[in-house]
Enquirer: 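Got a structure here, written out as structure tokens. Questions coming.
Chain naming here is simple, since letters A, B, ... match the order of the sequence lines and numbering starts at 1 in each.
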Amino acid sequence: MREGRSSEMSDEEPPGGGGPPPPFSDQVLENVLESVLQFLDCRRDRNAASLVCRSWCRAEGQTRRELFIGNCYAVSPARAVERFPRVRALVLKGKPRFADFELVPAGWGAGFSPWLAALATSNPWLERLCLKRMSVSDADLSRLARSFPSFRDLTLICCDGFGTVGLAAIAEHCRHLRVLDLIENDVEDQGLDWVSRFPESTTSLESLVFDCVGCEVNMDALEALVARSPSLRRLRVNQRVSVRQLRSLMVRAPQLSDLGTGSFGEGGEVGEGEGEVEVADLEAAFAASRSLVCLSGFRNHAPQFIPAIYPVCANLISLNLGYSVITAEELEPVIIHCHNLQTFWVLDTVHDEGLQAVAATCKDLRELRVFPLDGTEDSEGFVSDIGLIAISEGCPKLRSILYFCHGMTNAAVVSMSKNCPELVVFRLCIMGLRRPDRLTGEAMDEGFGAIVMNCKKLTRLAVSGLLTDKAFLYIGKYGKSVRTLSVAFAGNSDSGLRYVLEGCPKLQKLEIRDSPFGDAALLSGLHHYYSMRFLWMSSCKLSIRGCKEVAQRLPHLVVEVIRDRPEKDDDEAIDDGEAVETLYMYRSLAGPRDDAPRFVKIL
Amino acid sequence: MEGEATYVSDLDNLKATELRLGLPGTDAPEKPTPASPRGSKRALLAADEECQSKSKSLGADSSGQEAAPVAKAQVVGWPPIRSYRKNSFQARKAEEEAAGLFVKVSMDGAPYLRKIDLKVYEGYKELRKALENLFKCFSLGELSGMEGCNGSEYAITYEDKDGDWMLVGDVPWEMFISSCKRLRIMSGSEARGMRSSP
């Protein structure tokens with residue numbers, strides 16, 4: 001939707017078909033306009049075009065084929081569908097990101113049903129749908145499958161509320177299905193064999209990703225499905241699939257470009273002598289997969305099978321070992337062949353040595369993510385500033401990094417800021433709360449300061465470790481392109497938040513937890529909140545009074561106060577001085593939502 | 001900074017007078033109940049601040065940070081790892097724990113092999129005893145391999161992950177069971193050779 005300001009919102013015309021049809025010459029103009037506008041793809045360009053005048057707005061609305069809605073509560077489904085009646089592809093995002101870390105109580109919202117209802121009744125041409133952090137039920141999936149005859153692509157990311165029943169409905173009723181990508185969803189195991197439900201004839205399947213589905217699938221059905229899907233280029237299986245079963249799948253789909261290997265270990269029904277024969281067979285299967293450029297899985301791998309992937313290493317653009325408990329010794333013989341690698345996800349079990357090996361070979365690396373095996377705060381911590389420095393020195397083209405570590409130094413972060421000028425995303429998570437520089441004992445202000453100063457293209461930043469207001473001063477002063485900022489356990493006073501709100505004009509998404517920012521800081525951002533998608537503040541120093549004032553001064557903002565105590569009576573008068581546990585506020589054309597649960601108070 | 005310190009210390013005093021089980025500084029259980037999350041987070045802040053000032057006065061010593069906060073209670077949602085990821089590893093751990101670790105045991109001269117679950121034993125002593133019981137029907141004498149014992153003709157060996165045959169008893173038990181693929185009770189001169197090497 002539009003990322004405009006409040007004045008534009010109040011001037012906005014009734015969308016789409018409101019009012020009498022334009023006179024003839026205007027109609028011709030609009031037809032011409034529509035023919036031209038259909039070449040505009042980028043949504044920001046389209047948003048700009050729609051602001052020119054009413055007829056441009058109308059024409060643009062009629063021709064928009066791809067709709068992106070970053071917050072499902074920013075606009076009502078009815079209004080969206082009315083303004084953009086011919087949308088073919090929809091991206092819809094629901095819960096705030098901190099819901100991934102259990103900071104949003106269950107039942108908060110982001111249900112897909114109202115959107116489905118609006119689409120099903122007025123737009124039968126929908127072909128592609130991508131939902132992130134939405135609640136989707138089996139009934140929703142079933143209705144989805146039956147409502148859109150041309151439906152092709154379904155991508156569900158971090159969603160919940162559905163299970164194998166819903167998947168079966170999709171498989172069975174979406175006759176032209178090309179993409180079924182299930183990424184990190186919580187899928188209920190109802191025991192239904194959904195894989196058998198795909199049509200028996202040749203399918204148009206191009207991508208099938210189900211590594212997050214916990215229950216076993218019918219392997220015979222899967223093999224047969226793969227065999228009759230000649231367009232299949234991406235297949236990511238779940239960890240119930242053993243390496244032997246994987247091989248059977250691979251020989252039926254040598255054209256794959258993206259493979260998720262499941263467990264990559266033993267399992268399933270295996271005869272006694274079968275183990276050893278397989279490594280060579282497996283390697284042959286990889287050697288035959290000449291198009292393979294993206295590899296993932298290895299959920300519970302058996303080390304003896306790792307060498308089977310050597311034939312494809314040199315072609316790999318993306319390698320995800322993020323669920324694989326792999327050591328530096330096991331990694332080195334693999335990574336040494338991966339000169340073309342651009343994306344690498346790995347566990348910190350490879351240690352700094354493993355990262356040094358990556359830095360030595362992967363000169364083209366663009367994205368690195370290092371996840372912790374042991375996510376507890378007081379874990380040993382296997383990677384440190386040493387690994388970060390190695391990467392910065394070896395991978396100058398780095399654009400995006402997510403790095404979980406135990407100890408870090410300012411020097412290492414400064415080094416990365418200077419060696420990696422292309423950085424767009426810098427997310428450093430020092431897991432110990434408020435850890436200072438492990439060598440100097442100082443706050444991590446200078447390190448993050450260097451990042452915002454030197455990385456001119458930086459749009460996304462996540463900070464951690466011991467940080468004073470000075471770090472935020474730097475961010476406000478130099479972080480002119482920053483759009484997303486994540487803050488946890490940082491800052492000294494209201495000044496910290498003020499620096500950011502006053503200094504970062506492009507800021508759209510701000511999520512803060514456990515930091516000492518209060519009402520005064522909150523109010524310093526009033527000039528900017530309509531330009532933002534959302535602000536999240538939990539366990540800070542806010543009170544109801546401050547939040548109420550924001551709500552009063554900015555009527556197009558929905559100000560949600562989320563409480564810990566769901567059983568509290570929501571009719572009870574709230575004391576203005578009451579501390580606010582969680583504030584989640586966002587601009588919206590739809591006003592306060594009507595599906596808010598009891599623990600959410602909309603001010 | 002000042003205001004925050006008082007706020008936090010008030011809560012601290014309150015907590016100090018509370019009667020409860022557990023170490024001082026330990027707070028809410030892993031899953032915070034509705035009433036307590038704010039309290040647990042604040043108390044954690046207090047403990048952590050103390051620790052930080054301690055580590056600063058100790059100088060820039062990395063070991064200063066190892067004096068971890070006394071509170072072992074996990075902060076909700078920290079570090080920011082998706083529960084999907086956390087559950088993946090927990091599930092695997094649970095699976096491994098439930099599955100048992102069965103390895104084949106062969107004994108030179110015995111007509112058939114046996115299989116045992118290494119997980120049920122707590123250490124080498126129990127393992128040797130169990131192996132003795134398994135093979136005593138062949139009346140092949142007492143199994144040894146323990147330090148100080150001599151005269152026995154057998155040595156218990158195992159094949160590790162790299163395919164090498166090692167003498168049982170050299171490495172810590174946990175390391176042993178994670179790398180042992182099969183056991184072989186060696187007899188005669190081979191056994192003597194294994195046991196005499198340093």
Enquirer: For the CZ atom of B:Phe89 and the CZ atom of A:Arg299, what is their distance to the nearest 0.5 Å?
Expert: 8.0 Å

Enquirer: So which of A:Pro303, A:Gly214, A:Gly322 has the biggest tally of heavy-atom pairs under 4.5 Å with chain B?
Expert: A:Gly322

Enquirer: Who are the salt bridge (Lys or Arg N to Asp or Glu O under 4.0 Å) partners of A:Asp160, not counting sequence neighbours?
Expert: A:Lys95

Enquirer: Using heavy-atom distances under 4.5 Å, tell me whether A:Cys158 contacts chain B through its side chain, its backbone, both, or neither.
Expert: side chain

Enquirer: Between CZ of B:Arg82 and CD of A:Glu102, what distance do you get to the nearest 0.5 Å?
Expert: 13.0 Å

Enquirer: What's the shortest heavy-atom distance between A:Arg513 and B:Gly77, and which atoms?
Expert: NH1-O, 3.1 Å

Enquirer: With heavy-atom distances below 4.5 Å as the criterion, would you say the side chains of A:Asp100 and B:Ser83 are in contact?
Expert: no

Enquirer: Taking side chain as everything from C-beta outward and backbone as N, CA, C, O, which of these in A:Leu347 sits under 4.5 Å from a heavy atom of chain B? Side chain, backbone, both or neither.
Expert: side chain

Enquirer: Closest heavy-atom contact between B:Trp78 and A:Ile430?
Expert: CZ2-O, 3.8 Å

Enquirer: Given that the side chain runs from C-beta out, which part of A:Phe404 has a heavy atom under 4.5 Å from chain B: side chain, backbone, both or neither?
Expert: side chain

Enquirer: Tell me, please, whether A:Tyr323 has B:Arg85 positioned over its six-membered ring: NZ or CZ under 6.0 Å from the ring centre and within 45 degrees of its axis?
Expert: yes

Enquirer: For B:Tyr84 and A:Asn185: C-alpha separation, side-chain torsions, deciding distance, then whether side-chain contact (heavy atoms from CB on, under 4.5 Å) applies.
Expert: CA-CA 8 Å; B:Tyr84 172 74; A:Asn185 303 291; over 6 Å; no

Enquirer: My understanding is that only residues two or more places apart in sequence, or in another chain, count here; which of them pass side chain to side chain donor-acceptor pair (under 3.5 Å) with A:Ser515?
Expert: none

